[in-house]
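Notes for the one structure printed next.
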Amino acid sequence: MLQPRKVKFRKMHRGRRKGKAQRGNSLAFGDLGIQALEPVWMSAQQIEAARRAMTRHVSRGGQIWIRVFPDKSITKRPVDTRMGKGKGNPEGWAAVVKPGRMLFEIAGIEEGIAREALRLAGSKLPIKTQIVAREGL
């Protein structure tokens, strides 16, 4: 599971998922990529499930890039706890994903296999996605 080695502060503000992705919204490494169409906090478990689906389908050869990293700590209060008494303890990590953000990229394999691998990865994610190809492919 992905998570930061060290953070300055354990608990983070929730923030807002407003607007479109300003950076990381185009293909940078691979020939094909999967792009987010909705805003979401993507958990480390969801990223790992999508990565596993892709690598299993590709089996050998090719290269895969993960373009999102879960660096936001998500806190939870224990069940049956009354209101107040501060913020809960960190329970997991999530990546803040805005619409247009490139999530995964793939290169070095046949286009049909790559598209199927990205489709499988997209089915593991909690949002709508689209497959993007590099111009001239």
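Note that the structure is predicted; figures quoted are calculated from it, not measured.
- Hydrophobic clustering of Ile, Leu, Val, Met, Phe, Trp and Tyr side chains at less than 4.5 Å, counting indirect connections, unites Ile34 with Leu2.
- Once rounded to the nearest 0.5 Å, the distance linking CG of Asn89 with OG1 of Thr75 reads 8.5 Å.
- The hydrophobic clustering, which links ILVMFWY residues whose side-chain heavy atoms are closer than 4.5 Å, places Phe104 and Ile113 together.
- Remark: Pro39 pairs with Arg17, Pro99 by the side chain to side chain contact (heavy atoms under 4.5 Å, CB included) rule, at least two apart or across chains.
- In this structure, Thr129 contributes its side chain and Ala36 its backbone to no donor-acceptor pair below 3.5 Å.
- Looking only at side-chain heavy atoms (C-beta outward), Pro70 and Ile47 come within less than 4.5 Å of each other.
- Between the CD1 atom in Ile127 and the CZ atom in Arg101 there is a gap of 11.5 Å [rounded to 0.5 Å].
- Cluster note: Met83 groups with no other residue, as no ILVMFWY side-chain heavy atom lies under 4.5 Å from it.
- In this structure Gln3 satisfies the side-chain hydrogen bond (donor to acceptor under 3.5 Å, both in side chains) test with no other residue, sequence neighbours excluded.
- Minimum interatomic distance between Val40 and Pro126 (heavy atoms only, all atoms of both residues): CG2-CG, 4.0 Å.
- Listed here is the closest heavy atom pair of Leu32 and Ala114: CD1-CB, 3.5 Å.
- Taking Ser43 as the reference, Gln45, Gln46 meet the side chain to side chain contact (heavy atoms under 4.5 Å, CB included) condition, with sequence neighbours excluded.
- Residues passing the side chain to side chain contact (heavy atoms under 4.5 Å, CB included) test with Lys124, sequence neighbours excluded: Ala49, Ala50, Ala53.
- When the side chain to side chain contact (heavy atoms under 4.5 Å, CB included) test is applied to Ser59, no partner is found at least two apart in sequence or on another chain.
- Atom CD of Gln22 has 12 or fewer neighbouring heavy atoms from other residues, nucleotides or ligands inside a 6.0 Å radius.
- Distance CH2/Trp93 to CD1/Ile74: 9.0 Å, rounded to 0.5 Å.
- When all heavy atoms of Met54 and Ala121 are compared, the closest pair comes out as CG-CB, 3.4 Å.
- Taken together through direct or relayed side-chain contacts under 4.5 Å among Ile, Leu, Val, Met, Phe, Trp and Tyr, Val96 and Leu125 form parts of separate hydrophobic clusters.
- Within the structure, every pair that satisfies the salt bridge (charged side-chain N to carboxylate O under 4.0 Å, His left out) test and touches residues 34-63, not counting sequence neighbours, is listed here: Glu48-Arg51, Glu48-Arg52.
- For residues 16-56, the set of pairs meeting the ring-ring contact (aromatic ring centres under 6.0 Å, His included) definition, not counting sequence neighbours, comprises Phe29-Trp65.
- Residue Lys87 qualifies as enclosed at atom NZ: its count of foreign heavy atoms under 6.0 Å is above 12.
- Under a 4.5 Å side-chain heavy-atom cut-off, the cluster of Ile, Leu, Val, Met, Phe, Trp and Tyr residues that includes Met102 is completed by Leu27, Val132.
- Between Val58 and Ile106 the shortest heavy-atom distance is CG2-CD1, 3.7 Å.
- Here Phe69 pairs with nothing under the ring pair (Phe, Tyr, Trp, His ring centres under 6.0 Å) rule; sequence neighbours left out.
- When all heavy atoms of Lys18 and Lys98 are compared, the closest pair comes out as O-NZ, 3.3 Å.
- In this structure, the side chains of Met42 and Leu103 come closer than 4.5 Å at one or more pairs of heavy atoms.
- Using a 4.5 Å cut-off between side-chain heavy atoms of Ile, Leu, Val, Met, Phe, Trp and Tyr, with links allowed through other members, Ile64 and Ile131 fall into the same hydrophobic cluster.
- Judged as a salt bridge (Lys or Arg N to Asp or Glu O under 4.0 Å), and not counting sequence neighbours, the contacts of Glu116 are Arg119.
- Under the salt bridge (charged side-chain N to carboxylate O under 4.0 Å, His left out) criterion, the residue pairs touching residues 61-80 are Arg67-Glu105, with sequence neighbours excluded.
- Remark: Lys11 NZ is packed, more than 12 non-hydrogen atoms of other residues, nucleotides or ligands lying under 6.0 Å away.
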